[in-house]
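Inspection log for the structure reproduced underneath, given as structure tokens.
Within every chain, numbering begins at 1; the chains are lettered A, B, ... in the order of the sequence lines, protein sequences first and strands thereafter.
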Amino acid sequence: DAKTTQPPSMDCAEGRAANLPCNHSTISGNEYVYWYRQIHSQGPQYIIHGLKNNETNEMASLIITEDRKSSTLILPHATLRDTAVYYCIVRPLFSGGYNKLIFGAGTRLAVHP
Amino acid sequence: NAGVTQTPKFQVLKTGQSMTLQCAQDMNHEYMSWYRQDPGMGLRLIHYSVGAGITDQGEVPNGYNVSRSTTEDFPLRLLSAAPSQTSVYFCASTGQGYGYTFGSGTRLTVV
């Protein structure tokens, strides 16, 4: 699976958009970009995933560059409850016997009043 | 409620003791995994399974055994606990191609 690079930490004011970047320059054509978050020692929570088109759901938007070498997770109106570690993971949608999810260090997002 | 259930939530073991961490899911997911998370660190994959009767090693398998006799259950066994296995353990499951659902974790301390 391709390696990802994320900033170790970011800050965001409550009510503003939080834009979390992720670099994945070695991504393969069949690999998707997944985002998870972990709120204070709880189990990680799936947020969103995408291949090449931008995606939006009730939690967030995912913007993937045209060359697919980087992406941005957008939380449009961050709240204090969005304070968490956010993980960007690249892997095939379905990789048969190797359906593993490998976590990196992630980005620690702090939302402040 | 549908999801991944882990038991126990907390456990203290003495060095050399054995125990089994239980994980059950009711979503008919084929894929299940075990992770450990040490303080201030990211999650590391211990073992995973792609279906009943099929398991494989992850990044840090030493000291742990798994089996998958049913689709629903994926227990993790510590044969002889060591202080280095003090950690928070997460179980996760997924159907084909979708996001993983994680359990709430088991906090294990080995003294």
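Separation of the A/Phe103 and B/Tyr35 ring centroids falls under the 6.0 Å cut-off.
B/Val60 and B/Tyr48 sit in two unconnected hydrophobic clusters of ILVMFWY residues. Membership requires side-chain heavy atoms under 4.5 Å apart, directly or through other members. Hydrophobic clustering (ILVMFWY, side-chain heavy atoms < 4.5 Å, transitive): B/Tyr100 and A/Ile39 are in distinct clusters. Cluster annotation: B/Val88 is not connected to B/Met41 through the hydrophobic network of ILVMFWY side chains, with a link wherever side-chain heavy atoms come within less than 4.5 Å. One hydrophobic cluster holds both A/Leu75 and A/Met10 under the rule that ILVMFWY side chains link at heavy-atom gaps under 4.5 Å. With hydrophobic clusters built from ILVMFWY side chains whose heavy atoms lie under 4.5 angstrom apart, B/Tyr31 does not share a cluster with B/Phe74.
Using a 4.5 Å cut-off between heavy atoms, B/Leu45 contacts chain A through its side chain alone, with no backbone atom that close. For a residue to count as touching a neighbouring chain, one of its non-hydrogen atoms must lie under 4.5 Å from one of that chain's; by this rule B/Glu59 touches chain A with the side chain only.
Annotation: residues 103-111 of chain B contacts chain A through B/Gly103, B/Arg107 [non-hydrogen atoms, separation under 4.5 Å].
Under a cut-off of 6.0 angstrom, the local environment of NE2 in A/His40 is sparse, with at most 12 non-hydrogen atoms contributed by other residues, nucleotides or ligands. For A/Arg16, the CZ atom is loosely surrounded, since the number of other residues' heavy atoms within 6.0 Å does not exceed 12.
Annotation: the span from B/Leu43 atom CG to A/Tyr87 atom OH amounts to 5.5 Å, rounded to 0.5 Å.
The choice from A/Pro44, A/Gly104, A/Gly106 that makes the most heavy-atom pairs within less than 4.5 Å of chain B is A/Pro44. Top candidate by heavy-atom pairs under 4.5 Å with chain B, chosen from A/Gln38, A/Gln42, A/Arg108, A/Gln45, is A/Gln38.
Across all their heavy atoms, A/Tyr36 and B/Phe102 have their closest contact at CE2-CE1, 4.0 Å.
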